[in-house]
Number of protein chains: 2
Amino acid sequence: MTGTSKAPSRLDETDRRILRALQRNGRLTNAALAEEIGMAPSPCLRRLKALEEDGVISGYRALIDRRQLGHGVEAYAFVKLAQSDPDWRTRLIEKLKAFDEVISCQAMTGECDLLVHIVADDIEAYGEFAMQRLLTLPGIADMRSSFVLATIKPDRGWPV
Amino acid sequence: MTGTSKAPSRLDETDRRILRALQRNGRLTNAALAEEIGMAPSPCLRRLKALEEDGVISGYRALIDRRQLGHGVEAYAFVKLAQSDPDWRTRLIEKLKAFDEVISCQAMTGECDLLVHIVADDIEAYGEFAMQRLLTLPGIADMRSSFVLATIKPDRGWPV
DNA sequence: AGTGAAATGACCATAAT
DNA sequence: ATTATGGTCATTTCACT
């Protein structure tokens, strides 16, 4: 790892307007962005570059309808780890990260140790993945799956 | 609401390559995208437009480091609803959606009815939000909070 | 290919410290 | 005065026809 992120940058209201706009539409051209926040294109681009440089903006992503990819099932697995040496834990984590079905994984406080966001084409595929590939990993003491029935509030990013 | 999305579009390998590329970098210019997938810019753009038109791509988003926004705490609340008439449920949902702190909310199978993704500046702010604003909503039978300790695998979108 | 727009960078203006 | 930040313009690059 080379680049240590600096962080003197306190975000002012202009920065925040830029972030808000790009969270709504990450593909805005600089010209359109500048107009939206009421600023000339050049200083707007300067700020945008600084925000990227400082890692405030870490990237851009196209949002895709998972159903049209054939992924009919979205689930969360609540995983409780067996107490085992850190080595095992590390290897488990590595395996977990490698699965395409695992969208994201976070270590948590509380009842479960890991919150694993999973996608699969259908329930059968999910079952096979969970039983054959997840639960067979050494180091998992317990796992419960919950399936997404409906998205009540879709993720639109952080409040800025 | 006017536009009903059509969905005949079966995605071929070229479409998928476009989606993969834009999930990694949503701000790729059409020229760069075309080069990456080994195609001439013009047909590439036509496909991109079609993907947007069909709602396969639903939007674009800048990814922002929440910490630099001052949001030090990320949590999930596992909410169990009280049995109550659909009216109450609807009103609860509306209230939930209105909170800036609520990043996303999904109806789930299993132990909890709602999985609520929440962000706050610090633990104190989270506590205040959870106790004063969430738990006071009528219709919540039970709620447990878990805090994100570490992101083991960050969300990079769906497998394509 | 060619047209028009957008990104980029040099330079100046201005305001706050 | 100096630093930080916005505006203007000229040039290059790029997107779309």
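Excluded from the calculations below are hydrogen atoms, water molecules and symmetry mates; all remaining heavy atoms, backbone and side chain alike, are included. We name chains A, B, ... by the order of the sequence lines, and we start the count at 1 in each one.
Using a 4.0 Å cut-off between charged side-chain N and carboxylate O, A/Arg61 and B/Asp155 make a salt bridge. Looking at A/Arg20 and A/Glu13, a side-chain N of the basic residue comes within less than 4.0 Å of a carboxylate O on the acidic one, giving a salt bridge.
Atom OG in B/Ser58 sits 10.0 Å away from atom CD in B/Glu52 (nearest 0.5 Å).
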Check residues 99-108 of chain B and write down every donor-acceptor pair under 3.5 Å in which the side-chain atom is one partner and the other belongs to a residue at least two apart or another chain.
{"from": "B/Gln106", "atom 1": "OE1", "to": "A/Tyr76", "atom 2": "OH", "distance (Å)": "3.1"}
{"from": "B/Gln106", "atom 1": "NE2", "to": "A/Thr151", "atom 2": "OG1", "distance (Å)": "3.4"}

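Applying the side chain to side chain donor-acceptor pair (under 3.5 Å) test to B/Arg17 and every residue at least two apart in sequence or in another chain returns nothing.
Between the B/Arg144 side chain and the B/Val79 main chain, no donor and acceptor come within less than 3.5 Å of each other. B/Arg47 places no side-chain N or O within donor-acceptor distance of the main-chain N or O of B/Ile18, the cut-off being under 3.5 Å.
The side chain to side chain donor-acceptor pair (under 3.5 Å) pairs that include a residue from residues 120-140 of chain A are A/His71-A/Asp121, A/Tyr126-A/Ser145, where partners are two or more places apart or lie in different chains.
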How does DNA chain D look in dot-bracket form if you count Watson-Crick and G-U pairs under 3.5 Å, write [ ] for pairs that cross, and put | where a base pairs with another strand?
|||||||||||||||.|
Protein heavy-atom contacts under 4.0 Å, written 5' to 3' over nucleotides 7-17 of chain D as B (base), S (sugar-phosphate only) or - (none), form the string BB------SS-
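Closest approach of A/Ile57 and B/Ala62 over heavy atoms only: CG2-CB, 4.3 Å.
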Output one line per pair: protein atom, nucleotide atom from nucleotides 12-16 of chain C, and distance, for all N/O pairs under 3.5 Å.
none

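Annotation: cation-pi pair A/Arg27/B/Tyr60 present, NZ/CZ under 6.0 Å from the ring centroid and within 45° of its normal.
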